[in-house]
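Only one structure is covered here, and it is reproduced in the block below.
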Amino acid sequence: MSQNIALKLARPNILKLKPYSSAREEFTGNEAIFLDANESPFNKPWNRYPDPFQQRLRQRIADMKGVKRENIILGNGSDETIDMLFRTFCEPAKDQVISVNPTYGMYKVSAGINGVEYKAVTLNPDFSLPVDEILSLVSTTTKLLFLCSPNNPTGNCFADEEMIRLLNGFPCLVVVDEAYVDFSTGGSWVKKLDQYPNLVVLQTLSKAWGLAAIRLGMAFASIEIIDLMMKVKPPYNVNTLTQEKAYQALSDPAVVNKRISTIIAERDRLRNSLKELPVVQKVFDADANFFLVKVENPDEMYEYLVKRGVIVRNRSKEALCEGCLRITVGSDGQNNYLLQAIKQYPATENDITLKQSWEKVSDWLVTPERKAVRHRKTKETDIRVEINLDGNSKADIQTGLGFFDHMLDQISRHSGCDLSVKVNGDLHIDEHHTLEDTSIALGEVFAESLGDKKGIERYGFALPMDDCAALVLLDFGGRPELVWKAKFKREKVGELPTEMFEHIFKSFAIGARCNLYIKAKGENEHHKIEAIFKALARAIRMAVKREAGADTLPSTKGLL
Ligand SMILES: *Cc1c(COP(=O)(O)O)cnc(C)c1O
């Protein structure tokens, strides 16, 4: 198969097309007075169009996946990349695509929208690929083969040998949709792009990455295929907010990897528990964050669960899925509730235990987690701060400055938050950058984890007395400000210069966008600064406190 397969398959009008050239494309420098795109000079940075080629984000993805940036095109969700494939390669009312049944519904819908014939071959009863049947359908007008692996809704990966037979035997593009690859043991086909010039791999941030809201889909393919799709892509299809949020998330894969292992462990626990229940006839294998469950009366079970506040997907009318519901793996509490509900099927309406349990569940249905992670890397410091406002005072602090560690430990201990702070700073120069940048990052995770601030107390105050008195007043009202009334006579406490103390709290106030009033008195300098940190932590504890389920904003202005 020649590298030119892309050019052979592309629609003639696309080959000839001279793509739209945006202002941001014709001049790509950063520092200039931009009077070329009819943008407003006000409202920075949102006044500017996003980078039409998402170079920074694509480079990050390229580094992560071990491909070149030129092998990647991004879409407003992978649904957009699917549509781009149709518009690049399939002539309406003439060409056709092939897929399998059952599978993800968008291939067929996208074919319909684009006026392209869609042919589907039913999978083998064990959900494996009917390779010969697929190959026998191919004609001169077949352009694309869509395979979803792990497949939605069956949850299985297709065997490598079958995939390789199709990649070698299919004279068109083979699109492998890997929306769920992060949950599978199968590994990604992205690494095989060099071997198969007709391979297109789709991935998304919507599932394992937990970012369905931002809409970011990725397609990986040969440079020739990507170049053609680039001609078709709307100029600014991925907005700036999405590009930034995606870049930030991709910079910290450890967080996501932890979530993936949690979901996989929960999946297996849920599957095993369901197998024990008499109403469950079969629990299917799963290489994704969902799986099929066969029950005797799927429609009834579906309605029964809806009445109890749990929505699963009824797939019982799909080929090979008779009797099946598709269940997405949730959090442990959600899964327990589901298990309890199914266990009690067919319970009566006034089932007391389930009702009590629902009251608990409905709490965390409206009460989102309050966690945040910040990774801040500059020439001077490399900082990672992670917080859970609703934690248990678990602290893991390593800033390289023993006394500062001790102070941050106080914040976690006395506020109740889980706090992890890892800093690699230029301490060989001095403590300034480490203290400043860490304090800003710490403030930022508070601001982010507070989210929309609904239901919080907002204000906090504390006055701990040992041999020192420290007063801290705190308002998470959105305005960064510090009033500092504490004097230190010694030059240093531990290895911390006392002249930096005010700066630490100022930086925190800026990061957290909070109002801080700090006053302290006392003879012992060590105790005095410790009392301030303790009082701050106590004030935080009070201010972040949230009424379970409350959703009012603690402000008469309706905005914080
Ligand atoms: C969920 C899903 C997607 C995701 O599409 P986005 O538009 O990226 O959210 C893609 N393919 C399959 C098979 C899916 O199940």
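Each ligand, and each atom within it, is numbered from 1 in the order the structure gives.
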(message) Exactly one of Val283, Val293, Ile327, Asp332 should register a side chain to side chain contact (heavy atoms under 4.5 Å, CB included) with Leu270. Which one does?
(response) Ile327
(message) Tell me every residue that passes side-chain contact (heavy atoms from CB on, under 4.5 Å) with Lys282, counting only those two or more places apart in sequence or in another chain.
(response) Phe284, Lys294
Show every donor-acceptor pair shorter than 3.5 Å between a side-chain atom in residues 128-136 and any protein atom, with sequence neighbours excluded, or say none if there are none.
residue: Ser128; atom: OG; partner: Asn124; partner atom: ND2; Å: 2.9
residue: Ser128; atom: OG; partner: Asp126; partner atom: OD1; Å: 2.6
residue: Asp132; atom: OD1; partner: Arg165; partner atom: NH2; Å: 2.5
residue: Ser136; atom: OG; partner: Glu133; partner atom: O; Å: 2.7

(message) Could you tell me if Arg56 sits above the aromatic ring of Tyr247, with its cationic atom closer than 6.0 Å to the ring centre and no more than 45 degrees from the axis?
(response) yes
(request) Non-hydrogen atoms closer than 4.0 Å to ligand 1: which protein residues do they belong to? List them by chain and number, please. (result) Gly77, Ser78, Asp79, Tyr104, Tyr107, Cys148, Asn152, Asp177, Ala179, Tyr180, Thr204, Ser206, Lys207, Arg215
(request) Apply side-chain contact (heavy atoms from CB on, under 4.5 Å) to Asp51 and list each qualifying residue two or more places apart in sequence or on a separate chain. (result) Phe53, Gln55, Gln243
(request) Would you please classify the geometry between the Phe146 ring and the Phe86 ring as parallel, tilted or perpendicular, with 30° and 60° separating the classes? (result) parallel
